[in-house]
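Reading through the structure tokens given below for one structure.
Remember, predicted model here, so these are calculated numbers, not experimental data. Values below: all heavy atoms of this structure, side chains included; hydrogens, waters and symmetry mates excluded.
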There are 2 protein chains.
Amino acid sequence: MSSQPRSPSINDVAALANVSYQTVSRVLNDHPNVRASTRLKVQAAITQLGYSPNSAARTLVTGRSRVLGVITLDVANVDGLAAMYGVERRAREHGYFVSTVALEHVDRSSMRAAVDQLAEQRVAGMLVIVPSEAADDALTSLPSSVPLVLIEGRPGHGIANAAVDQELGARRATEHLLELGHETVFHVRGLSDWMQTHDRVTGWRKALEAAGREAPLPLAGDWTAGSGYSAGRMLARIPELTAVFASNDDMALGILLALAERGLRVPEDVSVVGFDNLDASAYYNPPLTTVQQEFTAVGSRAVEMLFGQIERGERDDEQFLIEPQLVVRKSTGPARTA
Amino acid sequence: MSSQPRSPSINDVAALANVSYQTVSRVLNDHPNVRASTRLKVQAAITQLGYSPNSAARTLVTGRSRVLGVITLDVANVDGLAAMYGVERRAREHGYFVSTVALEHVDRSSMRAAVDQLAEQRVAGMLVIVPSEAADDALTSLPSSVPLVLIEGRPGHGIANAAVDQELGARRATEHLLELGHETVFHVRGLSDWMQTHDRVTGWRKALEAAGREAPLPLAGDWTAGSGYSAGRMLARIPELTAVFASNDDMALGILLALAERGLRVPEDVSVVGFDNLDASAYYNPPLTTVQQEFTAVGSRAVEMLFGQIERGERDDEQFLIEPQLVVRKSTGPARTA
DNA sequence: GCTCATATTGTGTACGTTCACAATCTCCTC
DNA sequence: GAGGAGATTGTGAACGTACACAATATGAGC
């Protein structure tokens, strides 16, 4: 029965401390011109009452909320998750909260709905971790002028973007295999409308072309280990197969299994490279050579870029690209001599 | 220079539609007694102005925000992530948002800080996905009376809890191995202060005891594949080893690698069972027998429980336990005959 | 001690919404 | 067509805070 006895407001604190509510407000917002003794009195009252500021009231009057909106995909993709933690931590360091909307499908209307919902919350800025081209398209058609930064989005839309240089990563992976003496490198790509898929294919193709080799047709995967396994079974039938670059570690795992089942040894017969450097991939059999991405760093950086926009009060199109590193493990070795 | 021309309010809509602001409010909140024609007029005005309600103002006056707070760990643990998506989706179906706080360390003070921050936001309820005993302790000592549901927490604290029956899962995993004729089952456990670690050890031990076997000393892991690998190297030296139950799939992966390196075949020489049923574990070499947990379902259910509390206006201690399923794959087989 | 600049504190108002209640309209019944 | 019940609409508050400005206190300089 006992209904909540309304939590204390700035006025209650003021009354207890014998000052005006405005003075309390000043203490809360760290205004300089408050006598030290007054400040102490107020702080004591705050503690005694267990007062905590009402962010709704604050948002209402200032017009800005200390909340950042994040739009993401609800498929459990590592990239997004890791970036999200980076975002959350950095935002909290700035005293901001993170409100998440997880999309099931990426299309213009669901994207629009997500943006509207966040706008309704009067978020101070938005981060979009939806690495599909459709997402970027949908965003450019949005009139909203809230500060906005993409994470792993497509550059060149006039929208700020923080990302890992996927193309560079793929090129390094491919070059590593070529340097080991492999004649060519097969590729298993990810879902077709993802940025990463496109960029990694490009990097792989460019590395091959630079070495004067013709790129074979890439095999279509969908990021899952299962699709890697299917691709692996296909690849295992190709006699001249000596090297594969998979667009992520999960698919590489499936490939490893498929090759093992066909009696092909890694790396003696076939070399395999992945992408992501999952924690687990160091313990695949054999441990996987892969490309490391610092997603958490990308997330943190994106938040900083967003705060830049928030402070200046307008969007910009800053671009941030971080270099991925190749991590060499036991799944790659010299090409077998035919 | 052109500063944002303040977004339209309920008053602007009222003026345009030639009604009072209160009528607009009624349309927004689906009150029954509004003439259809009036409703249409108002909705037209809303569309024309691109009006969206100000949730801060709404929260201020009603005292409740349409936001759910989630406290989680920022280590990328699958359990938490999957549960989170379940939470987010279900919350959004109810028209609620999810605000996340990711903890770096779990102790009383960081827990308290997280709760305070969410309280400051006036969240309608909180979900805690921090499966460590320390978290539960910290929560019981909190005076706050906000609706609260734990996900994978420890029951019996008088706090509502939604979880997978870890003990049952571990028992099923162990029984499966015993039924295959293994004399005993070794265990690699997770981090020591996690609920799951404790419950899975208990389930494993009980299954062994029920079969009249003595439980060997469990090996200490930390959930990572790396720790599983270390444990696996240790286990590989034990001559009577024929079966291992790892407390999660990642550690099982490490064990598989360690065993393979020592020339032990799975399942011919040693059977291995994991826990979690990661997407990838079906493609380990060999595909892993493991325990499947429906985290997304747990998350959804937790949200429902939370809304129950929110509607009733007080906490309760409802407990929800979901049964995990054993998924048998190729990493387990009959005990080798000595 | 007086003057004035500056430091400190206080007062009025607005933010956009919902709630409680008051006012008006509509239409049925007799 | 009067009465009244119910439907529909409107009015006056209040939520808790920050901003603009007004008022007062303090202390330095003479």
Side-chain angles (χ1 to χ4, degrees), chain A residues 3-43 45-46 49-67 95 119-124 313, chain B residues 3-43 45-46 49-67 95 119-124 313:
Chain A
S3 69
Q4 301 299 347
R6 178 177 74 59
S7 63
S9 81
I10 206 179
N11 284 300
D12 302 321
V13 176
L16 181 59
N18 246 312
V19 296
S20 76
Y21 56 82
Q22 177 58 17
T23 302
V24 177
S25 172
R26 275 189 268 261
V27 171
L28 290 172
N29 294 290
D30 284 322
H31 274 255
N33 292 338
V34 177
R35 194 185 316 227
S37 61
T38 313
R39 187 182 300 274
L40 253 58
K41 258 197 314 187
V42 171
Q43 278 160 345
I46 287 176
L49 260 47
Y51 165 83
S52 90
N54 183 321
S55 60
R58 187 176 279 176
T59 299
L60 178 60
V61 69
T62 59
R64 38 199 153 80
S65 77
R66 312 200 117 233
V67 175
E120 184 168 333
Q121 275 212 130
R122 299 293 186 276
V123 293
Chain B
S3 68
Q4 301 300 345
R6 177 178 76 57
S7 61
S9 80
I10 206 178
N11 284 298
D12 302 321
V13 176
L16 182 59
N18 248 310
V19 296
S20 74
Y21 55 83
Q22 177 58 19
T23 300
V24 178
S25 172
R26 277 190 266 261
V27 170
L28 291 172
N29 294 288
D30 283 324
H31 273 255
N33 294 338
V34 177
R35 196 185 316 231
S37 62
T38 315
R39 186 181 301 272
L40 252 57
K41 260 198 311 187
V42 171
Q43 278 161 345
I46 287 176
L49 259 48
Y51 165 82
S52 90
N54 183 320
S55 60
R58 187 175 279 176
T59 300
L60 178 59
V61 68
T62 59
R64 41 203 150 77
S65 76
R66 313 201 116 234
V67 174
E120 185 168 331
Q121 276 213 130
R122 300 292 185 274
V123 294

- Query: Val61(B) or Thr23(B): which one's nearest nucleotide on DNA chain D is closer to the 5' end?
  - Reply: Thr23(B)

- Query: Between dA25(D) atom P and Arg35(A) atom CZ, what is the distance in whole Å?
  - Reply: 11 Å

- Message: Between P on dG16(C) and CG on Asp12(B), what's the gap in Å once rounded to a whole number?
- Response: 8 Å

- Item | Nucleotide of dT17(D), dT11(D), dT17(C) approaching Ser20(B) most closely (side-chain heavy atoms) | dT11(D)

- Task: State the OG-CG distance between Ser55(A) and Leu60(A), to the nearest 0.5 angstrom.
- Result: 11.0 Å

- When rounded to whole Å, the CD1 to P distance for the pair Ile46(A) and dG16(D) reads 15 Å

- Consider the side chain of Ser9(B), meaning its heavy atoms from C-beta on, and name the nucleotide among dT17(C), dG10(D), dT8(C) that approaches it most closely. dT17(C)

- Task: Side chain of Gln22(B) only, please: which of dC15(D), dA18(D), dG10(D) is the nearest?
- Result: dG10(D)

- Quick one: are Arg39(B) and Val42(B) in side-chain contact, heavy atoms under 4.5 Å? no

- Message: What is the separation between atom CZ on Arg58(A) and atom P on dC15(D), rounded to the nearest whole Å?
- Response: 19 Å

- Note on the structure: Of the listed dA18(D), dT17(C), dG16(D), the closest approach to the Thr62(A) side chain comes from dA18(D)

- Query: Hey, does Thr38(B) have a side-chain heavy atom less than 4.5 Å from the side chain of Arg26(B)?
  - Reply: no

- Message: From CG of Leu28(B) over to C1' of dG16(C), roughly how many Å is that when rounded to an integer?
- Response: 11 Å

- Item | Asn54(A), nearest nucleotide to its side chain (from dG10(D), dT8(D), dT17(D)) | dT17(D)

- Query: Looking only at N and O atoms, is any donor in the side chain of Arg26(A) or the base of dG10(C) less than 3.5 Å from an acceptor on the other one?
  - Reply: yes

- Indicate yes or no for a side-chain donor-acceptor contact from Ser65(A) to the backbone of Thr59(A) under 3.5 Å, with no hydrogens or angles considered. no

- What is the distance from CG of Asn29(B) to P of dC19(C), rounded to the nearest Å? 7 Å

- Task: Could you tell me whether Asn33(B) contacts a base, only the sugar-phosphate backbone, or nothing, with contacts defined as non-hydrogen atoms closer than 4.0 Å?
- Result: base

- Closest-nucleotide ordering on DNA chain D, the 5'-leading residue of Arg64(A) and Leu60(A): Leu60(A)

- Message: Here's a test for you: under side chain to side chain contact (heavy atoms under 4.5 Å, CB included), which of Ile10(B), Asp12(B), Val13(B), Leu16(B) qualifies with Ile46(B)?
- Response: Val13(B)

- Query: Picking from dT17(D), dT17(C), dT9(C), which would you name as closest to the side chain of Val34(A)?
  - Reply: dT9(C)

- Task: Check the distance between dG16(D)'s P and Gln121(B)'s CD and give it to me in whole angstrom.
- Result: 17 Å

- Query: Donor-acceptor pair under 3.5 Å: do we get one between Tyr51(A)'s side chain and the base of dG16(D)?
  - Reply: no

- Message: Heavy atoms only, 4.0 Å cut-off, all strands: where does Thr38(B) land among base, sugar-phosphate and nothing?
- Response: sugar-phosphate

- d(CZ, Arg66(B); C1', dT18(C)) in whole Å: 13 Å

